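Below: the structure, in structure tokens.
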Number of protein chains: 2
Amino acid sequence: MSHLTPSYQAFADIGDDEIEQIRAFNRFYTNRIGVLDRAFMETPYTLTEARVIYELAAHGTTSASRLTEELSLDPAYLSRMLKSFSDAGLLETMRDPADGRGRLLQLTLRGRGVATDLAQRSRQRIVALLEPITENGRRDLGAAMASVQTLLSGDTPAPVTIRPHQIGDMGMVISSQAKAYAETYGWNGEYEALVAEICAAFIRNFDPARERCWIAERNGTFLGSIFLVKGSTEDTAKLRLLHVDAAARGHGLGSKLVNECIGFARDCGYRRLELWTNDILSAARRIYVAAGFTLEKEEAHHSFGKDLNGQTWALDLTAATAGVTPPA
Amino acid sequence: MSHLTPSYQAFADIGDDEIEQIRAFNRFYTNRIGVLDRAFMETPYTLTEARVIYELAAHGTTSASRLTEELSLDPAYLSRMLKSFSDAGLLETMRDPADGRGRLLQLTLRGRGVATDLAQRSRQRIVALLEPITENGRRDLGAAMASVQTLLSGDTPAPVTIRPHQIGDMGMVISSQAKAYAETYGWNGEYEALVAEICAAFIRNFDPARERCWIAERNGTFLGSIFLVKGSTEDTAKLRLLHVDAAARGHGLGSKLVNECIGFARDCGYRRLELWTNDILSAARRIYVAAGFTLEKEEAHHSFGKDLNGQTWALDLTAATAGVTPPA
DNA sequence: GCAATTTAATTGACTGAGTCAAGTATTTTC
DNA sequence: GAAAATACTTGACTCAGTCAATTAAATTGC
């Protein structure tokens, strides 16, 4: 598959329904909501004029060139518009003492009145739009708009943060792992039950000094987790429940979590870090190997509705090399 | 507060930052993305012309009046546009045999070529826009656009569905309840652990014939849950983990879940339905009372970091009145 | 220090997109 | 069969904006 013309591949990834959805949204938005900024119908000002008035009100004093740049307007167009504002008594201009070519622009009292009126109208339009929506709906709307904006603007999205667990996180750990392993490997509910039991036990027996759970998230969206819990002996710790959501893979988050865990284990004075996994989880294994873990034991078992090969890996925390960040 | 001028109240509910966000989104969208539909820059057609061509292509044969209506165009404008299309050989017209006033419009082969070319260009614009976004990002974008659209259009949102549990649901139950009770009543992680244990046990011992879990969701968003599990005796069932997310309250979802549960319990042949709750959960209590439950036992306990009053409620399933839907 | 270039603003001529009002041909209604 | 409605067309116009040329001042290069 992937050896075929990659550009076509990239195209083929984007479905017609996705495209149709964008087009539908675009139509919807420009028709129904794009009117928002044309909230000047009951005023003698056009959209662009209103934008210029806003801008003039925002800066106390500006120059025409600055406006053309900020609003990307044609200087000719702007010039005429400013003249009409002057004629209407909305604007005062004076030669710039520092640069005789330019003029300084400032709204008159009347102009500022028009500016606040326009702002008020636009505000009211939006209020009218938002009013029928519940508070929750408005919150969701804000979130949805923000996410459309960040996604489309190609801005670097909010960074991934790693933090200790809070109330509600265990459920996310359980849900995301159960779903992921069900989808990828066909594991059944047994796995969800196991994770739930581990998480419940973690909370019940939590010793903050010697145990920890790290949650990776971006913008409040759960991305992954790792746990460090006490092991069978005083100087042995256990790494558990490493998981990174599909959405966040390929950026070294797994390694980061593992190293976080190793660092804390070492700080706690543990001498040995163990973990149990299954051989089919190759992505995780690569991380463990890179971090210096070695395979200690392997045994077949039937769990989660599948025949699996359980593996016990261990890391000597007293060795200097443990937890080396793998090459990016 | 609320006795003050209610219209002002309604206004005051909507924060300046909310309004500013909408305006910001509007600016962003119209500037960066609104260009989408102007994806015809390299063609001699304007946006409106392109819209007309799309529409002509969509219907095999139409009339001008239908187009003016569908695209809400000025008939004069459209008339001239159609004439120019005819002149350019994109369009054939003929008198409507059924109505001599009207003319039937049909794209020529050449016109259809232009139509597909325009569609292709618009498609490519969108592909170019989506290409740098990851697959997950595109999914999120679609979801975010859909939610902006439904929220703003005031359309009735997707209906709430109630379905049996699937893999991954237990985590959502745990997370949403733990968060909700922590926020509302300050309960600590003990509660999350308890719910996790209950959920884990539910999966482990699940008897599909006599037990069930219902999940309420809308558009794949988790909204609430209820469980029915076997009780202490053969003919006693236990209702557990009733919860409705704050986002979905006030629409009778809780009652619906309880009635679902009661109905199933009765179908299974249970004669008695018990539940354990705490007196501070008054919203839930109202539902239980409405469904016919009676308080059987009450005892103080210290759990989840708080002093609480546990209550045991029971419902005689052999009585005819059990599970009456409360008045809306 | 001064010619050449750049920048700021203005003016004139123009276009593209769309609106409004009036008119023609046909059909529907009563 | 007259009056009203519908389907379209035409002419005159406006609004928003563009392009090119011009004027005046400021900056740069040598």
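All chains are named by letter (A, B, ...) in the order of the sequence lines, taking the proteins before the strands, and each is independently numbered beginning at 1. Owing to the predicted nature of the structure, the values given are computational and were not obtained by experimental measurement.
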Distance-minimising heavy-atom pair for [X] and [Y]:
X: B:Ser176; Y: B:Asp245; value: CB-OD1, 3.4 Å
X: B:Thr68; Y: B:Pro75; value: CG2-CA, 3.6 Å
X: A:Ser175; Y: B:Gly168; value: OG-O, 2.7 Å
X: B:Leu105; Y: B:Leu82; value: CD1-CD1, 3.6 Å

Which atoms of nucleotides 17-20 of chain D (N or O only) lie under 3.5 Å from a protein N or O atom, and what are those distances?
unit_1, atom_1, unit_2, atom_2, d
D:dG17, OP1, A:Thr48, OG1, 3.1
D:dG17, OP2, A:Thr48, OG1, 2.5
D:dG17, OP2, A:Tyr77, OH, 2.1
D:dT18, O4, A:Arg80, NH2, 3.0

Output the rounded distance in Å from [atom1] ([X]) to [atom2] ([N]).
X: B:Asp87; N: D:dT9; atom1: CG; atom2: C1'; value: 14 Å
X: A:Leu105; N: C:dT10; atom1: CG; atom2: C1'; value: 13 Å
X: A:Arg103; N: D:dA26; atom1: CZ; atom2: P; value: 14 Å
X: A:Leu78; N: C:dT11; atom1: CG; atom2: P; value: 13 Å
X: A:Leu67; N: C:dT10; atom1: CG; atom2: C1'; value: 15 Å
X: B:Tyr45; N: C:dG16; atom1: OH; atom2: P; value: 14 Å
X: A:Leu91; N: C:dA9; atom1: CG; atom2: P; value: 12 Å
X: A:Arg95; N: D:dT23; atom1: CZ; atom2: P; value: 16 Å

Fill in: Candidate nucleotides C:dT11, D:dC8, C:dT10, ranked by approach to the side chain of A:Pro75 - the nearest
C:dT10
Response to the item:
Closest of C:dA9, D:dT10, D:dC8 to the B:Ser65 side chain is D:dC8
Item to complete: Could you check whether A:Ser63 gets within reach of a base, just the sugar-phosphate, or nothing at all, counting any heavy atom under 4.0 Å?
Response: sugar-phosphate
Worksheet item: Quick one: are B:Val160 and B:His251 in side-chain contact, heavy atoms under 4.5 Å?
Response: no
Practice prompt. Could you tell me which residues satisfy salt bridge (charged side-chain N to carboxylate O under 4.0 Å, His left out) with B:Arg66, sequence neighbours excluded, listed by chain and number?
Written response: B:Glu70
Fill in: Pairs satisfying side-chain hydrogen bond (donor to acceptor under 3.5 Å, both in side chains), at least one member in residues 80-94 of chain A, at least two apart
A:Thr93-A:Arg103
Item to complete: Verify the contact: side-chain N or O of B:Thr68 to OP1 or OP2 of D:dA7, cut-off strictly under 4.0 Å; return yes or no.
Response: no
